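Input: a single structure, listed below in structure tokens.
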Amino acid sequence: MTPDRLLAWVMEAQTAPSVHNVQPARWRVEPGAILLAEDMNRRLAIGDATGHDAAISLGAAAEGLRLAALASGYALLETREALPPLPDGLRPVMRFSPVPTTDSDALAPLLACRASWRGAFASPDEADRRALQALTATDCTVITNSPELRRLGRCFDRASYGFMRQAPFRRELRNWMRLSPRDPRWSRDGLNAQAMALSSLEALGAGFVLGPAFALLDRFGLAAPLLAEGSKIAGAAGLLLFHRPTGEDPFDSGRHFHRLWLAIEGVGMGAAVLAALADDRNVAADLMTEQGVPAGRRLVSAFRAGRRSGKAYPRARLPIGDVLI
């Protein structure tokens, strides 16, 4: 097993989704193995104080590595025991050791094309809705009814705005927004305007609304409609609720989260995460009850999905040298 092959798998694993695109995964290529670690400096102190979303992101990265290895004819033996100490700010998570296999996974070829689609979707038809309904599973509830999507769009806007009204949350979010291509971090990490489907003028307005103008706009009831995204949910082919067993390690949930997103790509759709529906615990509980999700499960995340209405854009990713230990 050559270091170059292991490094190629790491580069594919870097395509995995992460909260706010903070990319917390760090990697060390060892003789015949790969070590995954977390860069603790990438934690969201406000939006992810418990590290739950970081663990989801790391699990997604691990699944990406597993799929990349499978595409090359290797399975990965995993261990969390006897991991080495690392420099300050780095937490060892898991070591992967490759072994030959004849197994395969249909999701592996989709790693390269998965990316968030935050723009509007093309008008859905019944074939689109059926394609998403086919993704219904024990951990995925699919909603394609148009009136219900409109209602859930309003529900999402209320939940999202509840977080936006918190000044520390807004500051942290703005810190990860890249609103101008002149920002040196534009193509490295975070949420750039292109990825958020914002024009130059809209990006300028977003910085203004989420920054110095928010308190005044909020006072006069203008901030909420300016930040609303419910119409994009109403115009989607469907909304997918991703739920996993209560008490499951979020690292393991992250692996399944990545797989579901790849499965959405596999039916020809793009998707955007609707984190507020899961992060607002009251909203999440109501959704689970309304949709008949059995007890003993928790809402991990949600997606709006549909056919993309435009061209794909380059993903912002840290250079490989910045993620290697």
Side-chain angles (χ1 to χ4, degrees), residues 17 19 44 46-57 59-60 116 118 121 124 126 128-166 169 224-225 227-264 267 269 271-306:
V19 56
L44 301 175
I46 304 302
D48 185 29
T50 66
H52 173 274
D53 292 347
I56 294 281
S57 303
S116 181
R118 290 186 173 84
F121 295 117
E126 285 307 309
D128 296 331
R129 297 184 179 96
R130 285 195 300 272
L132 286 182
Q133 285 289 355
L135 299 179
T136 299
T138 55
D139 62 0
C140 179
T141 299
V142 182
I143 303 160
T144 58
N145 177 270
S146 293
E148 184 67 357
L149 290 176
R150 288 193 293 271
R151 185 186 75 83
L152 292 174
R154 295 190 295 270
C155 179
F156 171 79
D157 281 341
R158 288 192 298 271
S160 179
Y161 196 63
F163 293 106
M164 291 298 184
R165 295 189 80 179
Q166 302 171 27
F169 181 90
L227 296 173
E229 296 186 69
S231 62
K232 293 180 180 179
I233 297 173
L239 187 149
L240 294 80
L241 301 178
F242 172 62
H243 43 84
R244 297 293 299 171
T246 301
E248 180 177 70
D249 186 331
F251 182 90
D252 295 326
S253 300
R255 307 187 82 146
H256 292 279
F257 171 80
H258 194 181
R259 293 186 62 80
L260 176 55
W261 201 334
L262 292 173
I264 295 171
V267 297
M269 303 284 175
V273 174
L274 305 173
L277 293 180
D279 292 345
D280 185 315
R281 303 319 299 169
N282 292 328
V283 169
D286 289 344
L287 274 175
M288 298 281 273
T289 299
E290 293 166 1
Q291 300 303 323
V293 178
R297 304 189 70 81
R298 63 187 177 90
L299 185 61
V300 178
S301 193
F303 298 90
R304 61 176 176 90

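The residues of the chain are indexed from 1 along the displayed sequence. Predicted, not measured: the structure shown is a model, and the values here were computed from it.
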Can you check whether [X] reaches [Y] side chain to side chain, under 4.5 Å on heavy atoms?
| X | Y | value |
| --- | --- | --- |
| Arg151 | Glu290 | yes |
| Arg304 | Met269 | no |
| Arg129 | Ser146 | yes |
| Phe156 | Leu239 | no |
| Val273 | Phe303 | yes |
| Leu44 | Asp53 | no |
| Asp139 | Val300 | no |
| Leu241 | Leu299 | yes |

Would you name the heavy atoms of [X] and [Y] that are closest together and state the gap between them?
| X | Y | value |
| --- | --- | --- |
| Ala60 | Pro17 | CB-O, 3.8 Å |
| Ala237 | Gly306 | CB-CA, 4.0 Å |
| Ala276 | Ala159 | O-CB, 3.9 Å |
| Leu132 | Gly238 | CD1-N, 3.5 Å |
| Ile143 | Leu149 | O-CD2, 3.5 Å |

Side chain of [X], backbone of [Y]: donor and acceptor closer than 3.5 Å?
| X | Y | value |
| --- | --- | --- |
| Ser116 | Ala272 | no |
| Asp157 | Gly230 | yes |
| Asp48 | Ala54 | yes |
| Arg244 | Ser253 | no |
| Arg150 | Asn145 | no |

Can you tell me how far [atom2] of [Y] sits from [atom1] of [X], rounded to the nearest 0.5 angstrom?
| X | Y | atom1 | atom2 | value |
| --- | --- | --- | --- | --- |
| Asp280 | Cys155 | CG | SG | 8.0 Å |
| His52 | Ser57 | NE2 | OG | 10.0 Å |
| Thr141 | Gln133 | OG1 | CD | 10.0 Å |
| Phe242 | Arg298 | CZ | CZ | 8.0 Å |
| Leu277 | Ser301 | CG | OG | 8.5 Å |
| Arg165 | Leu227 | CZ | CG | 11.5 Å |

Does the side chain to side chain donor-acceptor pair (under 3.5 Å) test come out yes or no for Glu229 and Ser160, once each step is laid out? CA-CA 9 Å; Glu229 296 186 69; Ser160 179; 5.5 Å; no

Classify the angle between the aromatic ring planes of Phe163 and Phe169 as parallel (below 30°), tilted (30 to 60°) or perpendicular (above 60°). tilted

Show your working on side-chain contact (heavy atoms from CB on, under 4.5 Å) between Ile56 and Val19 and close with a plain yes or no. CA-CA 8 Å; Ile56 294 281; Val19 56; over 6 Å; no

Assess whether side-chain contact (heavy atoms from CB on, under 4.5 Å) is satisfied between Cys140 and His256, documenting all intermediate values. CA-CA 10 Å; Cys140 179; His256 292 279; over 6 Å; no

